[in-house]
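Reviewing the structure listed below.
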Amino acid sequence: MDLALLRTFVTVHRAGSFTRAAALLGLSQPAVTSQIRTLERQLGRPLFLRQARGVTPTSIGNELAHKAAPHLDALVEIAETGLDDESAVRTLHLAGPPEFTAERALPALAELSGDDGQGFALRASFGNAEEVLEGLASGHHDLAISTARPRGALLTATPLCDEEHVLVAGSQWAEEIDTGRLHRKDASALEHLPVVEVHESLPLVSRYWASVFDALPAASGTVIVPDLRAVLACAVAGAGLAVLPRYLCATALARGDVVAVYEPAVPPLRTYVLAVRTGTLAMPHVARAHDWLLGAAASWC
């Protein structure tokens with residue numbers, strides 16, 4: 001079987017479309033389509049179902065990708081690093097949410113950048129769960145940190161750690177809250193307060209309200225910023241209530257810059273997973289980074 005055809009097939013499988021795969025491979029879309037048809041003729045079975053937007057692999061297509069992708073990745077690794085150059089520095093491509101990756105994962109992995117002969121160059125990119133998993137499946141990343149578990153056999157995910165969410169505000173706002181109503185889990189005690197969030201849909205606040213108060217928040221976002229570190233800065237400045245990961249606001253809480261408005265007996269949690277393409281843990285630098293992050297995460301919970 002022609003390895004070039006398999007490479008094109010795996011790229012289409014990961015990209016989910018002929019057009020995207022063509023861009024990744026530097027080929028024209030007709031060339032990609034022709035190669036997939038050739039492979040399907042050789043196998044005597046369809047590998048993809050063509051749809052209005054992209055393609056969906058058949059069961060045979062999924063089986064072939066599961067078997068072929070790890071070996072193709074290993075061949076690419078050999079081609080990139082060479083057979084004889086044992087000292088070649090490999091590059092690890094990591095993707096994840098900006099705050100968690102910057103505050104947790106990158107400092108941990110920086111410890112592996114030494115000159116012990118096992119280090120690697122590190123490249124990081126940020127994105128939401130869908131973006132980082134899509135980039136991992138497409139071969140742009142080696143490791144992805146995500147709050148969503150990938151589906152299918154192409155990606156493998158391992159639980160990394162749980163993130164505790166805390167409801168915080170500046171001290172001036174905390175003084176205005178009817179704590180009696182709040183401890184009776186009456187969320188109306190908070191309705192008059194402004195809210196700082198990362199999106200108009202109030203994803204963190206809504207999740208917290210549903211988990212703790214079994215209700216939807218009545219307030220709308222007063223300040224919307226795209227990064228949780230900016231949310232914390234706004235809360236410290238007195239802009240309003242915010243729901244933040246405890247690791248991100250622990251120092252501000254200890255200094256009194258913000259206060260925990262309410263501490264439920266069972267705090268809301270969000271689980272992070274560490275995802276790889278199935279089979280790529282055979283690559284030493286990917287395996288080392290993967291194991292190192294899992295070990296470091298034991299102290300993050």
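As the structure is a computational prediction, the values presented were derived from the model and not from experiment. Heavy-atom basis, side chains included; hydrogens, waters and symmetry copies ignored.
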| said: Taking ring pair (Phe, Tyr, Trp, His ring centres under 6.0 Å) as the definition, give me every residue that meets it alongside Trp209, ordered by chain and number, with sequence neighbours left out. | reply: Phe213
| field | Test item: Ser206 side-chain N/O and Pro203 main-chain N/O as donor-acceptor pair under 3.5 Å | value | no
| task | To the nearest 0.5 Å, tell me how far Ser146 OG sits from Asn128 CG. | result | 8.5 Å
| Non-hydrogen side-chain atoms of Gln42 and Leu5 separated by less than 4.5 Å | yes
| Leu136 side chain near His93 side chain, heavy-atom distance below 4.5 Å | no
| said: Between Arg20 and Ala15 (side chain of the first, backbone of the second, donor and acceptor by atom type, cut-off under 3.5 Å), is there such a pair? | reply: yes
| message | Less than 4.5 Å apart, side chain to side chain, heavy atoms only: is that true for Val132 and Ile145? | response | no
| query | Are any side-chain N or O atoms of Trp292 and backbone N or O atoms of Leu109, one a donor and one an acceptor, separated by less than 3.5 Å? | reply | no
| task | Please find out if less than 6.0 Å separates the ring center of Phe100 from that of Trp300. | result | yes
| field | Within one Ile-Leu-Val-Met-Phe-Trp-Tyr cluster: Leu248 and Val225, side-chain cutoff 4.5 Å | value | yes
| said: Asp142 vs Val276, test: side-chain contact (heavy atoms from CB on, under 4.5 Å). Steps then yes/no. | reply: CA-CA 6 Å; Asp142 300 309; Val276 297; over 6 Å; no
| Would the number of heavy atoms belonging to other residues, nucleotides or ligands and lying under 6.0 Å from CD of Gln51 be above 12? | yes
| Is there a side-chain contact between Thr8 and Leu39 (heavy atoms, below 4.5 Å)? | no
| request: Would you indicate whether the side-chain heavy atoms of Leu281 and Val286 approach each other to under 4.5 Å? | output: yes
| said: To check you understand the geometry: which heavy-atom pair defines the closest contact between Arg149 and Ala157, and what is its length? | reply: NH1-O, 3.6 Å
| Going hydrophobic residue to hydrophobic residue with side-chain gaps under 4.5 angstrom, can you get from Leu155 over to Val55? | no
| task | Say whether, by atom type as modelled, one donor and one acceptor occur between the side chain of Arg277 and the main chain of His141 under 3.5 angstrom. | result | yes
| Between Ser188 and Arg181, what is the shortest heavy-atom contact and its length? | OG-NH1, 3.0 Å
| So, His165 and Glu163: side-chain donor and acceptor under 3.5 Å apart, yes or no? | yes
| request: Would you name the heavy atoms of Cys234 and Val196 that are closest together and state the gap between them? | output: CB-CG1, 3.8 Å
| task | Go through the steps for Asp257 and Arg255 under the test salt bridge (charged side-chain N to carboxylate O under 4.0 Å, His left out), then give the verdict. | result | CA-CA 5 Å; Asp257 295 337; Arg255 288 197 305 244; 2.8 Å; yes
| field | Summary of salt bridge (charged side-chain N to carboxylate O under 4.0 Å, His left out) pairs that have at least one residue in residues 33-46, sequence neighbours excluded | value | Glu40-Arg50
| said: Between Ile224 and Leu216, is there shared hydrophobic-cluster membership here, with clusters defined by ILVMFWY side-chain heavy atoms closer than 4.5 Å? | reply: no
| query | Distance-only, no hydrogens or angles: does the Glu134 side chain make a donor-acceptor pair with backbone N or O of Glu131 under 3.5 Å? | reply | no
| field | Gap separating the OG1 atom of Thr222 from the CG atom of Leu193, nearest 0.5 angstrom | value | 9.5 Å
| field | Any side-chain heavy-atom pair of Pro268 and Val212 under 4.5 Å | value | yes
| message | According to a hydrophobic-cluster definition based on side-chain heavy atoms being under 4.5 Å apart (Ile, Leu, Val, Met, Phe, Trp, Tyr only), do Val231 and Tyr262 belong together? | response | yes
| message | Determine whether Glu63 and Ile60 satisfy the following criterion, side-chain contact (heavy atoms from CB on, under 4.5 Å), listing intermediate values before the conclusion. | response | CA-CA 5 Å; Glu63 182 180 353; Ile60 295 298; 4.2 Å; yes
| request: Would you list the pairs meeting salt bridge (charged side-chain N to carboxylate O under 4.0 Å, His left out) in which at least one residue belongs to residues 214-224, sequence neighbours left out? | output: none
| task | Working to the nearest 0.5 Å, report the span between OG1 of Thr56 and CG of Leu47. | result | 13.0 Å
| said: Would you say that more than 12 heavy atoms from the other residues, nucleotides or ligands in this model lie under 6.0 Å from the NE2 of His66, or not? | reply: no
| said: Working note: Leu244 + Val258, criterion side-chain contact (heavy atoms from CB on, under 4.5 Å); need CA distance, chi angles, decisive distance, verdict. | reply: CA-CA 11 Å; Leu244 290 166; Val258 291; over 6 Å; no
| task | Look at the side-chain heavy atoms of Ile, Leu, Val, Met, Phe, Trp and Tyr, link any pair under 4.5 Å apart, and say whether Leu3 and Leu27 land in one connected group. | result | yes
| Sub-4.5 Å side-chain heavy-atom contact between His290 and Thr158 | yes
| Straight-line distance of Leu294 CG to Leu160 CG, nearest 0.5 Å | 6.0 Å
| said: Has Thr101 got a side-chain atom pairing as donor or acceptor with Pro97's backbone, closer than 3.5 angstrom? | reply: yes
| said: Assess whether a salt bridge exists between Asp186 and Arg184, defined as any Lys/Arg side-chain N lying under 4.0 Å from an Asp/Glu carboxylate O. | reply: no
| Where do Leu94 and Leu106 land on the side-chain contact (heavy atoms from CB on, under 4.5 Å) test, with the steps shown first? | CA-CA 9 Å; Leu94 172 72; Leu106 290 178; 4.0 Å; yes
| said: With heavy-atom distances below 4.5 Å as the criterion, would you say the side chains of Leu241 and Trp173 are in contact? | reply: no
| task | State the CD-CZ distance between Glu99 and Phe126, to the nearest 0.5 angstrom. | result | 8.5 Å
| task | Please report the shortest heavy-atom distance between Pro194 and Ala239, naming the atom on each side. | result | CG-O, 3.3 Å
| Which atom pair, heavy atoms only, marks the closest approach of Arg229 to Glu103? | CD-OE2, 3.8 Å
| task | Decide salt bridge (charged side-chain N to carboxylate O under 4.0 Å, His left out) for Arg207 and Glu197; before the verdict, give the C-alpha distance in whole Å, the side-chain angles of both, and the deciding distance to 0.1 Å. | result | CA-CA 12 Å; Arg207 189 181 297 117; Glu197 255 282 15; over 6 Å; no
| Gly238 and Gln172: which non-hydrogen atoms are nearest, and at how many Å? | CA-NE2, 3.1 Å
